[in-house]
Amino acid sequence: MQRIAAASLVTCLALMPMACSDGEAGEDANAPARRAVLASIGQNAVLPTYRDFETATGELVAATSAYAASLDPEDLTAARDAWAAAIDIWQRAELMQFGPAGSTGAVGTPGGRDLRDHIYSWPNANPCRVDQETFERTYEDPTLLQAETVDAKGLDALEYLLFHEGSDNACPSLSTINESGNWDALSAEQKLQRRADYAEAASGLVHGRAQELLGAWEPEGENFLHELSEAGLESTVYGTSQEALNAVSDALFYVDTDTKDMKIGEPAGIVDCLNDVCPAALESDFARRSKEHVLNNLHGFALVFRGGPGDEPTSEGIDDLLTDLGPDAATLATQMNTELDEAIAAVEAVDGTFYDALTTDPTPVRTAHEAIRDLTTLYKSQFLALLDLSPPASAPADND
Amino acid sequence: MTHPNPAHRAWSWLNRPFDVASLAVFRILFGVLMMGAVVRYVQMGWIERFYLQHDFHFSYWGFDWLQPPPGWGVYALFAVVFVLAFCIAVGLFYRFAIVAFFLVFTYVELIDVTNYLNHYYQVSLLALLMSFLPLHRAWSVDAMRRPALRRSSLPAWMTYLLRFQVGVVYFYAGLAKAGPDWLLHGQPLGMWLAARTDTPVIGALLDFPWVAVAMSWAGFLHDLLIVPALLWRRSRPFAYAVLVVFHAATGYFFNIGIFPFLMTTTALVFFSPGWPRKVWSWGRRMGLGSEGSILPEGAPSDSPRDLADARSRGSLRSRDGVRGFGVVAVAAYCVVQLLVPLRAHAYGGDVLWHEQGMRWSWRVMVREKQGSVTYHVRLPDGRETQISPCKYLTQRQEREMAGQPDLVLQLAHHIADDFRARGHGDVEVRAEALVSLNGRPPAPMVDPSVDLARVPDGLAKAGWILPAPEGPPPRLHKPSGRPGRRVVAEAHEVDE
């Protein structure tokens, strides 16, 4: 027994020199480098995006109010433009679902509050539900509308309310509003007015969530930026900088599962579609902005991966983290940046909307899918390996 | 008096009485550890995530007949495992409990290949061995209830057998590290350590490449030498201290669950059979515990007199027929345990890449694989579509599958079955699997021209698996300061 105690002491003493070396490595170590990248992502990518989105949703509220007050087609156009401006920003923010925007629950992200789903719930979109609430005028009481499911009050509901033309509804004939004849009993003008009022109310909710999200991140607010930047130090959310980086990496997976497969692969007849094309699977069915959405997703990926806008000198991205690891990893960083630019170029090369392209010549859309896949293949393989990151919802498991 | 026949001498040597104390403690610790493992599994929500969140389960070759129970059934199985582990720990209905534990635990582990862990395999093997060992003859409820059951000693071979089982893990885990990636390039340890620089005190050291290489060698030497060092009485205490530090460190750095606890507790079997009694005496000398003895009535200490007494009272003796069968069975078991980990060499190539012979061979934490797999399905009418694995798998299953060709094949078969069930007839399924091994650029792991739906699963060398990528893994440097960081530091000041 005494010998075991002595042996343990000797072993601990042998490790002491390692403990004394902490100060020597200091600033050049990986953890500070990761924190610098996380800080840059928060400072240069997330906060500006959320600030822009908060502003854009404020303008959306003003535009939908004006439209609800006038029902003027010009005001409708202005409201649609305001919606487009807001969703363009949000599609970039889709790649930033770490922290308060992220989901809660067992497979959620640290610090998640489900705010994303309240702002934009796709692929959980439900136009029929929106029509039912339109008929029931739930929107007249913001508290009631707030309590509705996420598919009845976010930017996807707004798309339907602002872009769907015609006075029909999206519900099956056997649904209550159709079977009872209640929907048909409304005049076209009543339906238009109700949808406009609904849009105004929903815009208000989205704006409220945008403010909440921004407030959660702002240094003057709850300062989640600090949680991210100080991961492993003062953060109460992220125990280590690696954990925070993994949360960011998880969020970037959106470009593989959602952007590549669901937004392009399925409509283009590549993934899980046995017809030549499946345009019904396009994301933006009413505003026809699926291409812009994909493009903004890629720009969002770029913002996070590069730690901010590419031309921003303070940007410190995950690509820099790779570059710092040596020539082999730097090659991967360069390769991923190239693939990212090529993916953006491939989407931009699609003429007109995705819908137009799919119904005429789907080849450019498929080319765009291939280009994104080249990027995500690198991401899911060597990138994760070099930075020792885990794919989403797979991290907290044992290994050996 | 020594027997002139070497076989008899060996038999006598193997059957000489060993104090029962060590194996009784082995049983208790094993049971407690398994109880803890079940509690942890439930606490982490893993029953739901690993068994219930998906409909498709990867089966082991030859075990595809084994179906998972319904949702409540999995919870019930874990509850049963917990109760059985408790019974093992306290020695209640031990014979039934350990056999049932082996069967239920192994069944749970066989439900899905993606849940395979080397230490679960070790648990199953230990439980199998314990099913044949009467470890309840001391310090157990059974022995308390039935005095006739009590023994003060057990034959030495029982201790040796458990030592062998523990030793095999270390030996082959060490052998598995004898490769250029591990020993020359310090990978994948380098990547893993570089991601753990938040570690207090020593964290800043972990992104130095030499640290990864040094630790790789330390791990290699530890695994190869720890068993001889534990067997030699003089080095044993030091070896065990090193073993504890080693497992504490690996347990701290990596998500390896109960593995460090399993190995540190089971390695106690290398100590002299009476070590619990010495610990007890030492504790009493240090003022811990009462003056009374925890030893059951009749249990001897390690003194020659007591051992002689044990011998005279007779430890376990068996009839010649049973004895012969037992010897053959134990010998066969040991041979199998020695040969199974070597089977990978029969396939040639890099086992870390093709994974044929990877499981059951104690290649613990020696590779990092991340990959992207896309299936291309061609219908009989010529139509084609791509299928993402996430349509059938959880993210965790997908991650595990991406690096294991036989699982890629299994899912291909499942996709073909699914299309057939949906009325599309016999489809062709090809896989595009781009995989990074130990940080190398992604390379195709599976021949994308092969229709996997027509490839049978089996143990033969798989021609449809492409050769491993050549060249060394990437060499990672310690990060150097770059101007951009200064600006970000200023941003921090703004925050404050």
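Protein chains get the first letters and strands the later ones, always in sequence-line order, with residue 1 at the start of each. All values below come from the heavy atoms of this structure, side chains included, with hydrogens, waters and symmetry mates left out.
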Side chains of [X] and [Y], heavy atoms from C-beta outward: is any pair under 4.5 Å?
X: B:Pro441; Y: A:Leu332; result: no
X: A:Leu386; Y: B:Leu476; result: yes
X: A:Leu274; Y: B:His424; result: yes

- Apply the test side-chain contact (heavy atoms from CB on, under 4.5 Å) to residues B:Asp198 and A:Glu243: give CA-CA distance (whole Å), side-chain angles for both, the deciding distance (0.1 Å), then the verdict. CA-CA 10 Å; B:Asp198 285 307; A:Glu243 193 184 326; over 6 Å; no
- Query: When you look at CZ of B:Phe246, are more than 12 heavy atoms from neighbouring residues, nucleotides or ligands closer to it than 6.0 Å?
  - Reply: yes
- From B:Arg399 CZ over to A:Leu384 CG, what is the distance, rounded to the nearest 0.5 angstrom? 7.5 Å
- To the nearest 0.5 Å, how far apart are OG in B:Ser436 and NZ in A:Lys380? 13.5 Å
Of the backbone (N, CA, C, O) and the side chain (C-beta and beyond), which part of [X] lies under 4.5 Å from a heavy atom of chain A, both, or neither?
X: B:Leu437; value: neither
X: B:Glu432; value: side chain
X: B:Arg440; value: backbone
X: B:Phe419; value: side chain
X: B:Glu384; value: backbone
X: B:Arg475; value: both
X: B:Thr250; value: neither

What pair of heavy atoms forms the shortest contact from [X] to [Y], and how long is it?
X: A:Ser381; Y: B:Gln370; answer: O-CB, 3.2 Å
X: A:Ala385; Y: B:Met191; answer: O-SD, 3.1 Å
X: B:Gly439; Y: A:Gln382; answer: O-NE2, 2.9 Å

- Taking 4.0 angstrom as the limit, do B:Arg383 and A:Asp276 come out as a salt bridge? no
- Item | From CA spacing to verdict: side-chain contact (heavy atoms from CB on, under 4.5 Å), A:Asp272, B:Ile387 | CA-CA 6 Å; A:Asp272 213 12; B:Ile387 300 290; 3.9 Å; yes
By a 4.5 Å heavy-atom criterion (distance strictly below it), what part of [X] contacts chain B: side chain, backbone, both, or neither?
X: A:Leu389; value: backbone
X: A:Thr257; value: side chain
X: A:Leu387; value: backbone

- Residue, of B:Asn115, B:Thr385, B:Val366, B:Val435, that accumulates the most heavy atom pairs under 4.5 Å with chain A: B:Thr385
- One option among B:Arg363, B:Gln397, B:Glu48, B:Gln386 has the most heavy-atom pairs under 4.5 Å with chain A, and it is B:Gln386
- Check: A:Arg373/B:Ser372 side-chain N/O donor and acceptor closer than 3.5 Å: no
- Task: Could you go through the side-chain contact (heavy atoms from CB on, under 4.5 Å) check for B:Thr197 and A:Arg34 one step at a time?
- Result: CA-CA 10 Å; B:Thr197 49; A:Arg34 272 195 297 270; 2.7 Å; yes
- Among the options A:Ser241, A:Pro327, A:Ala329, A:Gly232, pick out the one with the most heavy-atom pairs lying under 4.5 Å from chain B. A:Ser241
